[in-house]
Every structure is written in structure tokens, then in C-alpha cells.
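Before any comments, here is the structure.
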Amino acid sequence: MEGDGGGLIEVTMRVNGREVKARVPPRMLLVHFLRDVLGLTGTHVGCDTSNCGACTVIMNGKAVKSCTVYVFMADGADILTVEGLSEDGKLHPIQEAFWDNHGLQCGFCTPGMVMTLYDFLGRNPDPTEEEVREAIEGNLCRCTGYVNIVRSALDAAQRMKGGGGG
Amino acid sequence: MAGERRYIGRRIKRKEDLRLLTGRGLYVDDIHLPGMVYAAFLRSAYAHARIKSIDTSRAEKLPGVLGVFTGEYFKDKVAPLMTAWALTNADLKPIKWPVVAYEKTRFTGDIVAVVVAEDPYTAYDALEAIEVEYEPLPVVVDVEEAVKPGAPQIHDEAPGNVAFHWKFRGGRDFEEVAAEADLVVKKRLINQRLIPAAMEPRAAVASYNPGTEELTVWVTSQNPHVHRLIMAGSLGIPEHKLRVIAPDVGGGFGSKIQVYPGEVIVARLAMDLGRPVKWVETRRENFLGTIHGRDHVDYVEVAAKKTGEVLGVRVRTLANMGAYLGTAAPGVPTILFGLMLAGPYKIKSVDVEVKGVLTNTTPVDAYRGAGRPEATYILERMLDVLARRLGMDPADVRRVNMIEEAPYEAVTGLLYDSGKYREVFEKALKLAEYYRWREVQSEERKRGRLIGVGIASYIEMSGLAPSRIARATGFGLGLWESVLIRVHPTGKVSVYTGSHPHGQGEETSFAQIVADALGVSIDDVEVVHGDTEQTPFGMGTYGSRTTPVGGSAVYKAAVRIREKARKIAAALLEAREEDIEFSEGRFYVKGSPEKSVTFQDVALAAYTAEKLPPDLEPGLEAVVFYDPENFTFPYGTHVAVVEVDPATFKVKILKYLAVDDAGVIINPLLAEGQVHGGVVQGIAQALYEYAVYDESGNLLTAGFNDYMIPTALDVPDVESHFVETPAPHNPIGAKGIGETGTIAATPAVVNAVLDALAHLGVEHIDMPLTPYNIWKALKESGVLAKLGKGR
Amino acid sequence: MYPASFQVFIPASLEEALELLAKYGEEAKVLAGGHSLIPLMRLRLAKPKYVIYLGKVPGLSYIREENGTIRIGAMTTHGEIAASSLLKARNPLLSETASRIGDLQVRNMGTIGGSIAHADPAADYPAALQALEAQLVVRSVEGERVVGIDDFILGPYLTDLQPNELIVEVRVPSLTGAFGTAYEKLNFRAGDFAIVGVAALVQLSPDGSKFEKVRVGLTGVSDKPVRARGVEEALEGAEAGEEAIAEAAEKAKEGLNPPSDIRASSEYRLEMTVALTRRALEKALARARDKVA
């Protein structure tokens, strides 16, 4: 990228199970690396202020807002995006639950929602409705009123307990 | 609707979800073309200023910058944008919106310069290197200030800042009914400015092929054909050389109806630079430059009898239009507002005057509900105030006034189509346990808890709508909808709709309609939308019109195909056409079901064509342009129960229940989703959201951190019920469900909060009812002291 | 949005980090979890020439107890502090406060050191750190110093931290006996910064009859986090009970001049300081009483 004073930095990371090596400018944000360099456009940009959560991915097992992470901060990390969530063409139980419960409308916030819940449900297999609402407070949705997202999350928890993958 | 129902009415999960759930959706920002460059916009540093000079030299020298373009560059190449709803009989002024400001800026969203660079980081570096010298002009942001003599003038064409002055009278003279009334209740109500803030920012990518002279523009649009028509005019290129594609669109709520400067700019630059150009607005730009909603000051008078009977409503409105008139803007605070001021009630007089006022703020246009929430808020709020003054239960005031059932010709001249208004009202109260909550309220009040119950009944004119009425009001086009259904030789079906779903799910619900009509599997039906090269000219998705208007077109086209297929089947079965019956995807001869052909057999025969009846052309497709004869009128009643914290005044919604009659529900799963989302947007207006400008015209709520879009923790679960009274005039009986929640929820929640405070003598507090705004109102009226330290 | 260019240094040891700070400190910003700095850089409200990233410096993320003090490494995230079983048992005020910061993703990345150094006047931690009389360990190439939170945060986004210094550790007491704590946060929307935040620590006499020690920390109501000393003094030695709290809580607003903004006026914040102080103390008292039984 031209116009950068600092020179390029070499980074190595695993993205959806594949090793990725690249030289990037220091100021490049992880979300732009995923979208524009790796072509993983399932991760979205919805704001400039780290509020909306549309860019959420899993970094080293934890949900992070990839618009608030420089690429060099992910050096050596294991990254999972929505594209890497289903295995062998089989949807993850969270994705299945969203589908069955109409947990998405325009779909723009959906990947971020799903990735946040991936982290949360991994740590809290049997959450209450209130706990689910707390978990996704950093993911804004303008279509669903959150009603069916919350129902999807509670349903997903049951499916994951039943050994439906994950 | 005739035919078997295997899909309609069932909770079918969506066909569009697989791609969206796996990150394979295609939004405009996901489009990446070889050689693509990036545009970024410098927006005005002042809300009102003369541009004295712009120095772009430093920006142009930055490595990676292709060019910097100002208003001078665009003014002769691109025609300014103008509204497409040129309201008749309202003295509408011809307000022009240059795509890049020259000479003057009128709000902080006005674009002053455009940078194009090899990458977006560099583009934003270059923005910082542009030097603009402004001469700041006096600013006005408030409508009441803007109409005062001596207020700063925003457009020379609109003296006194009045862009239009619209008047409407329905029924008896207001003064006359007021003379017969026992009381006239007056209020000044503020319907605050909201920001639609769809989760996907607006974006455009343009690519020009100099060989074919074809320009392709991908844009976040709710109506790609309207975009093409207006853009072709502004750019001065033939409409058939412009292809507009709205791929997956991440929510709109009205804010993606408009044709904005951004898409026109990148289209022009793609032609001039010979490189594909992309622009994606930042969220700050989305707040500054994409339309806002509501923003009324309403002076309301309601004349009533002691019995609670409302005789007349008189409303004088100053509607803040912002700095320019948006694509649909003039129709919103007039036609879509004034004609709704009788509500579902037997009111005898409606008298409304609206001034559309220009200010140095972001243009205001259609935001979910568009005019109808503002009208419903007035009626529902005033009925509660009336109930307090008369010592009546708010439910009883509504009972006194509510129309029993439709068809009903309202005092506004609208013909309400169908419905059991009273029955739905009583059903909502029963399901919500209204009277039990009233007992809880009075019990808990003794313990210091502030619980309130609120009702809102509404009616909505939607399914926009008959072209003759749209045209009579000055709308730039008709308001029909189109479809092309193409049956392929294998019997698979493509449905090319002129609607443009962006979250509502018509890829599924339209497929349900077609699959039922043709007896095929829903898996064999594909709904295609958004590409002007593929779909017939269509009017797009807004105003809860997609299912009632677009869906009706789909149904009529499917029936036309079935009738042609019946003719072909008769030929194949060597029987008379009138003896052919159709069931479960098979045509058979009446009385001998073993003699049959499948729909797939017929589709193939339509293309092999050797056995067609002599008067029949080969192929199997149908185009329908459906223009309804009336609007549809969804209606219903919502009930909210809230608790107000007596120390902090934070509101918690304990229960929210909706009963809506949107006619025939094609897919309850999706319809409920529309209600949930609409209700939460309505709650957002009641409790959280408000756009704030300072006196200099700076938007102080220009991001998600300052503008309070509610999170999952701030809103309740929503219980949705339907009553289905089919719309009588359209073939599928649907009325539309996209906006009902937004219309009803705002007054239901505000009424509930004020109900919780009613015993303290508080009659009204303007929205949003944040803890601070409630506290402030109580403080100012001396009520706070009454609550005492014991709280 | 897109940050401006900068040069980044990624030290592999604390010594290296301190040397970089000594050399570039004046023009450098320290980057930890990034949740204070990166949003400012994205909006180009911060355009540092150099960024020193601490993510590869080992040994800055820990929570351990030594001689009655809990030591927390500066790079420990809000999420780790919220989930720590040691803190939940021995200093639940800090873990409860951490659980109320931002949202799940923010808590996964944001660090306690970064939050303190940023010194947002409405941040959550400082209320608790004030109530806990926390000590900060600050290092530079010249050595180490320990500074109390009250002396460290000087004003909005302003601290005692010198350009060559780094916060390396936060020290809070390991609480014993009949103690109870609570953090009460008022915001109008979940996940937002506090309109008012009140952290309370109550230590009762062994029989539970008297307030032995009371600490109240406030955030959002001044240009820096403060202690409500008037409340503390009114309660210490008094008979433990809700009535005493109700009376003492009124003193929470003494000497405060809270900001006014588009969300709420100064006066509202003052009144809420009293209301929330009362609630926090009542909750802390109830929790302390549970320990007496």
C-alpha cells in the first residue's frame, strides 16, 4: 500500500485452518486484511467506532471486533471467520438455529452475531435469555429487534449440548 | 386466492439464508473489480457557508491519488438532483441538490470535494490534505426558527424557507365541530428526528465499458429501476446504456430509496477515469449524508364530547425537510401523514396544514412508516390525554370512537378495505391481560413501583398503491409492480421481480406463491431481483408494498402461466381444455385421473412445440404489471407494559404484545420477524433515539456511540399475533406487514410510560423518554418533589 | 474509517519496550488491547508517529495474590478480570466492575493498564480502583515507582504517566472478614460508558453491627474519578443499616461539578450520584451481612 511511512510488516497467521503469510502496512486493520487481501467478505464493516460488531471474528478462541485490531496484532494468531464455521458443507448448529428460527433478515449483522455467539456458547452452554442478550450487546441489529436472534441462540445452545457439532 | 395451498400460510424457512449465514452474501462493498479505485468525500466543515476557494494541490501530489474533483468539475457534467414527488397544489419550490457543492454548502453532509485513489487508506490521507476556505453563513436548524422573519435563507427559490405548503380538509369544518364539543384539547407535540442507520452503510461501485458505452452501477438501493431512471437523467446518458444492480442490500428502512450524490459521482468518475470506482460511506457519513426521518413540530387540537367521542382533529405541522428535498420527501409529511389523521376512528372532521421547512440539516425523507407513525402518534397520544382529562380508562376512549368494521369510508375520503377493528382491539386487550395489569399497577403503586400500561391502535395506508392516486398527488411515476415469470424447459421456474427485497424475505414468500400456483416444489422456484438488465421495470420495495403489490403481480403471472399450461396439457392429453383439472402439479382429464401429465411435461412441450394448439405460441412465460385499485389498510392494536425506576427513571418494558391484521399472511415466520423488528424500531423512537444538532448545525449524534440504537439488552421479547381479514381488492388478499410495528410501538410505549406517571399529574413528555428527559419533565413540573426522598 | 500511517515497534521484552519508550515516548503511543487507542486512530483523532505494541511482551498478564495484595498485570483483559475466581472471592468489586465494561468483544481485548492510562472520565474501572485505593506500579528505564490511583489520574485523559513510563501492574487489596462490595452503573443504553458509576466497599465489624470501613468511588461525575469521602466519614463507625446509608448518601454530591452533555445535565448526574451511591451501599451492606452469618 502506497503512502505508508512505516514500511511493511511480515505477518503469519492461520485463517480458517490455513496458514497465511503476508506483508502489510502497520495501519492495515484486520477486517480489511480479511476482506480485501484474503477475499473473505463475510466479515462486514458497519461502523467506525467499534460499536456495531458486524466485523466480529474469533481470534485465538475469543470473539474480537476485527475493525479494532491491526493485522500485526494478529501475527501468530488462529483466526476463524464465518466462512470457516461450517465443516464439510455441514452448517454449524448456530447457523442451523438461525436458519430455523428466522434469526436473520438483511443478513448484514449475521456473521458478527454468529461469531460472538460461537465464543459465548462455547463458554456458557446453558445460558438464560438475559445472558444471551448480554452476550450480544456489542452486536447491533436493525432488522430483527433481536427477538429471533435470541431465540436462535437459545435453540443453538440446546443443539450444541445434544452433540450437534461445534 | 384460488388453488391448493401447500406453501402459503406455512412457516417456510428462507431460501436466501444459506448464503447469508455462511458469509457468501454479496453486498456492494464485497464487489471487487480489476483496476478498481476508491473514492472518498470531503464534506462541508460548516452547515451553511460560501466556498471561497479549494486548494487540492497538496492532495493531488500524494502518491496513489488519481485526482481530486470539486463542484466546478461536476456542475456542467451532472445535473442536480431533485425530488421525484412534486406535490401538487402545495406551491412546491424547485429545490436543486448539486451532487458536489459549488459556491455554497447548506448542511454538513454536503460534499465539497472528491478524492480518487488507488486504495482507501490513501484516499482518506488525501482528504486531510485538501484546504478549503469557507465564509460561514448564519445557520438555522430548528423549524420554528426557520420560518421566522429574518431567518437565514437556505435556497433563493424558497423565500422564508418554506419548500411547500400543503392543506387538506376532510369532513365537517373543524370550528363547527369544536363549537359542539365539550372540550378541545391542545398540545404541541414533537416527533423527534431519527436516523435510519441500516446496518449496511450505503455504497456504490461503477464500471464503464467505453467499447459498448455501457455503464454498470452496483448500488445499495431499494428500487434499482428508479435509481437507473433518475441517474440516467442526472448523468445525461441513455437509460438503456445504464445498468443498475442492487445485490444483497443490508437493510434500508427507507434510507435506500433515494438517489444520492454519492452514486452519481462515482458513476461519472468511472466514465471519466476509465477505471471502476468504489465508494463506501463511513458510518459518520451515513449519519451526516444519508436521509433522516420524522422531525415534526405538530400543533394539535382535538375536539371531543364528555363521553370521549372525538369530533374533530386539527393539526398544524412544521415538517423539517433539511437542506434539500429528497427523492420521496414531500409526500411523507403530507399525503402519508395528513390522510391518516382519522385513524381507525369515526372522527368527523380532519383539518391539516403542513409547511415543509428547509433548514441546515440532513434532508429528511421516508423512514420506516414514513408519515404514518407521526399521524398515529398524534392520535394515540391525544386519546390518552383526553382519557385523563375525562377520567376515563384509555381503553374506553378508544371503544367509544373505534370503527366497528370495514369496508368503511373515512372522513379523509380513503376507503378502508376490510377488517374487524373492534374485535381485534378487544382481542389484543384480552391476550395482553390488560385488566389484570391494571390491578397489578394499582397494587404495586402502593409499594412505590411505577408500572404503566399503554395501548396504541392504528391503521395504515400501505401497499403503495394505485397509480392514479399517486399521480394525482404529484408522484413522478405510477405505483404498480411488475414481474416476469419464466418457466424453463425442465419445469424449473425463474421469477424476475420488480420489487427489491432487502431483508424481508420475498425470495422465499414469492416462491411460495408461485410454487402453490404451479404445483411445483419451492426448490424449483428461484426469485431474481435487483438487476435492471434482468428484471422488468419495477417500483421497488418500500411502503409495505412488496407482498400486496409485487406479490399480487407474481400471483397473476403464475396464474397466466398455469392457464397457458392447461391449454398445452389439453393438447397433450387430447382432451378439451375445459375438461382439464389441475392438482398437485399434475394436469388430468376430469373423471380419469390416470390420464395426466406433469407440469414439467407441459413445460418441455412448450419448448419442443410440436404438439401445441395452433393458436398458441411456443415458450412458457408471463409478464404482469399489476396496478392495484386501492391502497391496503393493515390495522391492529398493540399493548405495552412498562416499569419506571423511581430513582433513575429508567424504563423497562415488562411486556409487549401485538395483534395485527395484515390480511392473508404468506409466511408467518417472516411476518412475525417484520413485526418484531418494526416494534423495536418503534420502541427506539419512544425511549432512545434522537438526532441532536447544535446551533451551528453540527450533528452531535453522528455515530453509534452517541446515537442510541438499542442493543439486545435494551428491548424486550415481542409477542406477535395475527388476525387475517383478506384484502378484498388484490388477488392474494395480503395487506403488507413491514411498517405496522414501527407505527404502533412508539405511541404504545410512550402511553405506557405516561400511564405509569399519570397519578403524579404528568400529562405529556416529549420523546425520547430517556431517564434524563423524564426526570427533567418531572423536575420542571414540580412532580419530583412529590415523589420525595422515600423513592 | 482508515487510520493515518505510523511506524510500529513490537518489543519482545519489557526492557526493550522501556528503551523504545525512552527513545520515542514523546511521539509514541503505547498499544495494548487497542480498544481505547484504535477507535481514536480510525477517526484520525489520534495520529501518533510511532506505536509501541505490547502484545509480544511476556509476563504482563497475570492475577495473583501475595501477602494480602492482589497483583494484576497491566495487560490482563477485562474478560480475564471478570472471570477470575481469585478476584470473585477476594475482590469481587473489581471483577464485577470489569464485567460491566463495554461488551463481550471489548472485554476480550481491552486491558486494565490500557484503560487506566487512557483515563476516560466516564470509564468504569476508576470508580472501583478509587474505592479499593489501588496502587499502580509504573516502570521506566530509570526504575519503578508505585503511585496511588488518586494521584495518578489528573483529569480527563490526563495522567501522571510520563512519556517514558509504562503501567506494569495494578495492586488491590485481598479482602477478608465481613466485607461486601457493589458496582452500580447507570447508562441509558447497554454497553455505553456510565452516566454515573458508583463503586462501594463496606467492611463491617465482626458482629455485623457497625460500619468499620466504607469506601465509595465515583465515575462520570467529575473530570476525574473521585472518592465520596463525605459519605465514607459519615458511615464509618456508625451503626450498620439502610437508614444510615440513606442519610449519608446525600453527601455523595458534595464538592462535585458533573459535566452536562446531550444525554444528561449536571444536576441530573448529581441526583443520580446520590441514588446510585445509596443502591451500591445497600447492596454492599447486604453482601457483607451474608458474610457475618
Side-chain angles (χ1 to χ4, degrees), chain A residues 1-4 25 27-28 32 35-36 39-52 54 81-83 85-86 91 95-96 98-111 114 129-130 132-151, chain B residues 13-14 16-27 29-30 32 62-64 117-122 125 196-201 248-253 280 282-284 502-505 669-670 672-674 676-681 683 703-705 709 711-713 715 717-718 741:
Chain A
M1 193 155 304
E2 290 181 67
D4 251 287
R27 64 169 165 170
M28 183 182 269
H32 295 140
R35 288 179 53 81
D36 301 338
L40 296 169
T41 54
T43 302
H44 297 149
V45 182
C47 74
D48 331 316
T49 49
S50 312
N51 287 86
C52 81
T81 72
V82 70
E83 288 92 343
L85 201 54
S86 48
L91 292 182
Q95 292 169 311
E96 284 179 356
F98 267 68
W99 199 354
D100 288 348
N101 292 282
H102 189 32
L104 64 153
Q105 290 183 26
C106 83
F108 196 79
C109 77
T110 309
V114 168
E129 179 187 331
E130 188 72 5
V132 167
R133 287 181 179 272
E134 265 174 40
I136 58 171
E137 71 180 308
N139 293 78
L140 296 177
C141 169
R142 200 61 161 156
C143 293
T144 64
Y146 306 102
V147 173
N148 284 344
I149 292 177
V150 172
R151 291 176 190 172
Chain B
K13 62 182 194 174
R14 297 202 312 176
E16 43 272 79
D17 284 0
L18 185 59
R19 68 174 188 271
L20 300 176
L21 276 166
T22 53
R24 271 95 182 175
L26 185 77
Y27 300 88
D29 191 18
D30 301 339
H32 195 89
L62 286 179
E118 296 284 351
D119 73 89
Y121 285 82
T122 304
D125 291 344
M199 290 314 301
E200 180 206 21
D248 285 321
V249 172
F253 315 110
V280 181
T282 65
R283 181 55 66 182
R284 186 178 160 76
H502 43 279
Q504 298 86 345
L669 188 64
L670 308 193
E672 285 165 14
Q674 288 299 308
H676 298 157
V679 163
V680 165
Q681 269 175 330
I683 292 171
F704 285 140
N705 43 356
I709 305 255
T711 75
L713 265 180
V715 291
D717 192 38
V718 174

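All figures in this text were calculated on a predicted structure; none of them were measured in a lab. Lettering of chains follows the sequences in order, A, B, ..., and the numbering in each one begins at 1.
- R14(B) places no side-chain N or O within donor-acceptor distance of the main-chain N or O of W99(A), the cut-off being under 3.5 Å.
- Only the side chain of R24(B) comes within less than 4.5 Å of a heavy atom in chain A; its backbone stays farther off.
- Looking only at distances, no side-chain donor or acceptor of R142(A) sits under 3.5 Å from a matching main-chain atom of I709(B).
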(message) One pair to check against side chain to side chain contact (heavy atoms under 4.5 Å, CB included): H102(A) and H676(B). What are the steps and the verdict?
(response) CA-CA 11 Å; H102(A) 189 32; H676(B) 298 157; over 6 Å; no
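- Neither the backbone nor the side chain of L26(B) comes within less than 4.5 Å of any heavy atom of chain A.
- Looking at L62(B), there are no atoms closer than 4.5 Å to chain A (heavy atoms on both sides), in backbone or side chain.
- The SG atom of C143(A) lies 4.0 Å from the CZ atom of F253(B); values are rounded to the nearest 0.5 Å.
- Summarising the local packing, CZ of R284(B) is surrounded by 12 or fewer heavy atoms from other residues, nucleotides or ligands at distances under 6.0 Å.
- Of the two parts of H502(B), only the backbone, made up of N, CA, C and O, holds a non-hydrogen atom closer than 4.5 Å to a non-hydrogen atom of chain A.
- Comparing D36(A), V132(A), V82(A), N139(A) by heavy-atom pairs within less than 4.5 Å of chain B, the highest count is held by V82(A).
- Heavy atoms of V718(B) lying under 4.5 Å from chain A belong to its backbone as well as its side chain.
- Interface remark: Y146(A) contributes side-chain atoms only to the contact with chain B (heavy atom separation under 4.5 Å).
- Using a 4.5 Å cut-off between heavy atoms, Y27(B) touches chain A through its side chain atoms alone.
- Ranked by heavy-atom pairs under 4.5 Å with chain B, the first of R35(A), E134(A), R151(A) is R35(A).
- Using a 4.5 Å cut-off between heavy atoms, L85(A) makes no contact with chain B at all.
- When atom types are taken as modelled, the side chain of R133(A) and the backbone of A712(B) share a donor-acceptor pair closer than 3.5 angstrom.
- In this structure, the portions of D30(B) lying under 4.5 Å from any heavy atom of chain A include both its backbone and its side chain.
- For Q681(B), the part lying under 4.5 angstrom from a heavy atom of chain A is the side chain only.
- Distance CD/E96(A) to NZ/K13(B): 7.0 Å, rounded to 0.5 Å.
- Neither the backbone nor the side chain of V280(B) comes within contact range of chain A, judged by heavy atoms closer than 4.5 Å.
- In terms of heavy-atom pairs under 4.5 Å with chain A, the best-connected choice from G25(B), A197(B), A198(B) is A197(B).
- Between H32(A) and Y121(B), the shortest heavy-atom contact is ND1-OH, 2.7 Å.
- Contacts between E130(A) and chain B at a heavy-atom distance below 4.5 Å involve backbone atoms as well as side-chain atoms.
- In this structure, F704(B) and G46(A) approach most closely via the heavy-atom pair CE1-O, 3.6 Å.
- Taking 4.5 Å as the limit, every side-chain heavy atom of H44(A) sits out of range of all side-chain heavy atoms of D29(B).
- The choice from T22(B), V680(B), I683(B) that makes the most heavy-atom pairs within less than 4.5 Å of chain A is T22(B).
- Taking both residues in full, the closest heavy atoms of D125(B) and R27(A) are given as OD2-NH2, 2.7 Å, listed atom of the first, atom of the second, then distance.
- Of the inter-residue distances, the one linking M199(B) atom CE with C106(A) atom SG reads 8.0 Å to the nearest 0.5 angstrom.
- For the residue pair G250(B) and F108(A), the shortest heavy atom distance occurs at CA-CB, 4.1 Å.
- With a 4.5 angstrom heavy-atom cutoff, Q674(B) touches chain A via backbone and side-chain atoms both.
- The candidate from G252(B), A117(B), P196(B), G505(B) with the greatest count of non-hydrogen atom pairs under 4.5 Å with chain A is P196(B).
- Side chain of E137(A) to main chain of T711(B): no donor-acceptor pair is present (N/O by atom type, distance under 3.5 Å, no hydrogens or angles).
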(message) Working note: T49(A) + N705(B), criterion side chain to side chain contact (heavy atoms under 4.5 Å, CB included); need CA distance, chi angles, decisive distance, verdict.
(response) CA-CA 7 Å; T49(A) 49; N705(B) 43 356; 3.7 Å; yes
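- Here the closest non-hydrogen pair linking R283(B) and D48(A) is N-OD1, 3.1 Å.
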(request) Let me see the working for T41(A) and H32(B) under side chain to side chain contact (heavy atoms under 4.5 Å, CB included), right down to the final yes or no. (result) CA-CA 10 Å; T41(A) 54; H32(B) 195 89; over 6 Å; no
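- Within the 4.5 angstrom heavy-atom criterion, only side-chain atoms of T110(A), from C-beta onward, approach chain B.
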(request) With side chain to side chain contact (heavy atoms under 4.5 Å, CB included) as the test, would you mind laying out the steps for D717(B) and V150(A) before giving the verdict? (result) CA-CA 9 Å; D717(B) 192 38; V150(A) 172; over 6 Å; no
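- Counting heavy-atom pairs closer than 4.5 Å to chain B, the top-ranked of the candidates L140(A), L40(A), N148(A) is L140(A).
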